[in-house]
Amino acid sequence: MLTAADAGDAAALLAAVPASRRVALVDPRFVGHVHALRLGLTDPRFPAAAVPGALTAQAEARPALVRALQRATAAVGAGAPTAVPEAGAKTAPQTATESTTGQATGQTAAPAADPAPEDPTLPGRTAASLEAEGTPVHRPALGSLVAAVPADAEQEAAAVAGLTSVDDEAVRLRSAVKAHDGFFTTFCISPYSRYIARWCARRGLTPNQVTTASLVTALVAAGAAATGTRGGYIAAGILLLVSFVLDCTDGQLARYSLQYSTMGAWLDATFDRAKEYAFYAGLAIGAVRGGDDVWTLALGAMVLQACRHVVDFSFNEANHDAVANTSPTAALSNKLDSVGWTVWARRMIVLPIGERWAMIAVLTALTTPRIVFYALLVGCSLAACYTTAGRLLRSLTRKARRTDRAAQALADLADSGPLAQAVAAVAPGLRGAFTVPAAALLGALVMIGSALFLPYGSWLTVAAAGVYVLLSGLAVARPLKGALDWLVPPVFRAAEYVTILVLAARSDVPHAVPAAFGLVSAVAYHHYDTVYRIRGGTGAPPGWLVRTIGGHEGRTALVAVLGAVLTHASGFTTALTALAVAVALVVLVESIRFWVSSSAPAVHDEGELA
């Protein structure tokens, strides 16, 4: 912490701090809660952030900060003495050392000339200048927390009164809980998991460590389920709930201590899926040990859940930045959100992760894996119908213009490989409001229908794969800006996953379905990785990766060819296993390289309930 004698001295001290470090400017008259400063000065997700009387900038915003500070100093002048804070008030110099990762400079209050609209202090003026130059400044919502720079004794007394009337630790604990969560999580987990998060923070544990503990616990639960014994199933159910408590705790710890990181983003975004699908595999292995083969049900549950997710992701990416984005259906939904019981009913009906994992845990402990998967398939099917119908109604009644960014996001989510891209390069774009999703749906129906109803191993299935490639290319030949074009990625996901499932299930080759489970898991990881890169604002995985693993149409056609060539031999299982391993290796290596690199987004997943 460095204290400046005046505004000019603050500018000089700031320039002397190494360019790679975070800095903070804080008015010495600041009165407020420690957590208000913590929110404003320590969140790593934003290049610049401010609360009244305080401003912080990370390395990428430092050049703009220097320019803004110089302009503000020139406009305001320097030379005023440093103010002495009232005894007992919590001030920036006292908290800056505690809460910032770099060095902080205290500075004096500026004269009232050329005031900023809301914050006339030097940090406030500098923040306004940063925004005018084009550097976004994050301003966290403080709620009941106090952050002020009193201009007179009356204002100071009011700030101190607010400071003493609000327990900032209680506010910090409440804000650690995700604002919009499911019923089970909100009422059965968060009331105590937030205190576990605080316990972890006080002992120096990081969110990544808690996330890893959650994964390990879920894997142990899957191993317990794989024993196929009643004791194993009971232990698996209990451990799955413990894993979910830890899963809630890691996010709450990140929000409580503001420990957001690139690695944490990757771990949190992918481990939930890995834990759930590993548990499906454990249940399937345990059922086989008990004489009941449910691998097809396990793969069906994973396919259904993955397709549900891509419906959510695709719809949100298509509409979150749309222009003139209005819909009577959305207005009705917002109106229902004002009625308390409808909010919880609508959150529960989509079977979010809390409700879903609780159902899996209880049914695993009390029933059999077959019943668990039946319940999952029925519950997730009803939830998928509800959410997809709502999104269709919103899309059909919405007046919106999709942006180029949204169209690119949908194209990235489509995961078109070299075959579809070659068709798209020479084919005329489809015209008409609904022709693009209709073409994608027709191709999916041809592919899935041939896998279902043609004799297994028929070369007509390979011909159907050729039709699927052609229609897939036609569907992406034009930018995906239509009202229902967001359906294209989920239709492609369903076509690929279901084709692999059906061909493996109909092959009657030993262990073909478990091999298909591995292949779909590897491909699904690639698709989830694509989603979270787009949501982090860094774009899709590199084009070479998509070309190397073939795109959705290339993999679908390859599996159809393998089914025709390796008709009555265990070679089909071997081929599926080899393909799964190859895809997993390529995708994981590139994904790990990206998420541990400096270009990865420093965000913690706050995504959909499901």
Side-chain angles (χ1 to χ4, degrees), residues 295-297 299-304 306-307 310 377 381 384 414-424 427 430 435-477 487-509 511-520 522-524 527 549-577 579-580 583:
W295 272 109
T296 300
L297 294 177
L299 180 51
M302 182 171 70
V303 168
L304 179 56
C307 289
V310 78
L377 289 169
S381 295
D415 192 35
S416 299
L419 297 178
Q421 290 175 353
V423 173
L430 298 175
T435 53
V436 167
L441 181 60
L442 178 60
L445 292 175
V446 168
M447 188 68 253
I448 295 173
S450 66
L452 274 171
F453 300 114
L454 291 176
Y456 173 76
S458 171
W459 283 94
L460 289 176
T461 304
V462 178
V467 174
Y468 175 65
V469 169
L470 177 63
L471 291 173
S472 298
L474 288 173
V476 296
L487 285 170
V488 171
V491 168
F492 287 164
R493 293 298 80 73
E496 179 181 3
Y497 297 167
V498 174
T499 297
I500 296 172
L501 165 62
V502 171
L503 290 177
R506 295 190 65 202
S507 69
D508 289 330
V509 175
H511 310 301
V513 179
F517 189 98
L519 176 57
V520 172
V523 174
H527 290 144
I549 61 177
H552 70 92
E553 81 290 348
R555 291 185 297 270
T556 304
L558 178 58
V559 172
V561 171
L562 292 174
V565 173
L566 306 171
T567 311
H568 300 294
S570 60
F572 187 53
T573 297
T574 303
L576 289 179
T577 303
L579 183 58
V583 171

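Computed over heavy atoms, backbone and side chain alike; hydrogens, waters and symmetry mates excluded. These numbers come from a predicted model, not from an experiment.
- Interatomic distance, CE of Met447 versus CG of Leu445, reported as 11.5 Å (0.5 Å rounding).
- Residue Thr573 holds its OG1 atom at 11.0 Å from CG of Leu562, rounded to the nearest 0.5 Å.
- Nearest heavy atoms, Ala440 versus Val491: O-CG1, 3.4 Å.
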Test side-chain contact (heavy atoms from CB on, under 4.5 Å) on Leu579 and Val559; report intermediate values, then the result. CA-CA 9 Å; Leu579 183 58; Val559 172; 4.2 Å; yes

Can you check side-chain contact (heavy atoms from CB on, under 4.5 Å) on Leu377 and Leu304, steps first, answer last? CA-CA 7 Å; Leu377 289 169; Leu304 179 56; 4.3 Å; yes

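- The shortest non-hydrogen separation linking Val583 to Ala522 is CG1-CB, 4.0 Å.
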Check the pair Val310 / Tyr497 against side-chain contact (heavy atoms from CB on, under 4.5 Å), numbers first and verdict last. CA-CA 12 Å; Val310 78; Tyr497 297 167; over 6 Å; no

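- Of all heavy-atom pairs spanning Ala465 and Ala557, the tightest one is CB-CA, 3.9 Å.
- The heavy-atom pair separating Ala512 from Ser507 by the smallest distance is CB-OG, 3.4 Å.
- Residue pairs meeting the salt bridge (charged side-chain N to carboxylate O under 4.0 Å, His left out) criterion with at least one partner in residues 487-503, sequence neighbours excluded, are Glu496-Arg555.
- Using modelled atom types, no side-chain atom of Glu553 and backbone atom of Tyr468 make a donor-acceptor pair closer than 3.5 Å.
- When Thr556, Leu501, Val498 are each tested for a side-chain contact (heavy atoms from CB on, under 4.5 Å) with Ile448, only one passes: Val498.
- Atoms OG1 and CG, on Thr435 and Leu474 in that order, are 10.0 Å from each other to the nearest 0.5 Å.
- Taking each heavy atom of Ala505 and Thr296 in turn, the nearest pair found is CB-OG1, 4.1 Å.
- Interatomic distance, Ile500 CD1 to Leu576 CG, rounded to the nearest 0.5 Å: 7.5 Å.
- For the atom pair Phe492 CZ and His552 NE2, the distance stands at 4.0 Å (nearest 0.5 Å).
- Rounded to the nearest 0.5 angstrom, Leu454 CG and Trp459 CH2 are separated by 14.0 Å.
- In terms of heavy atoms, Ser450 sits closest to Ala464 at OG-CB, 3.3 Å.
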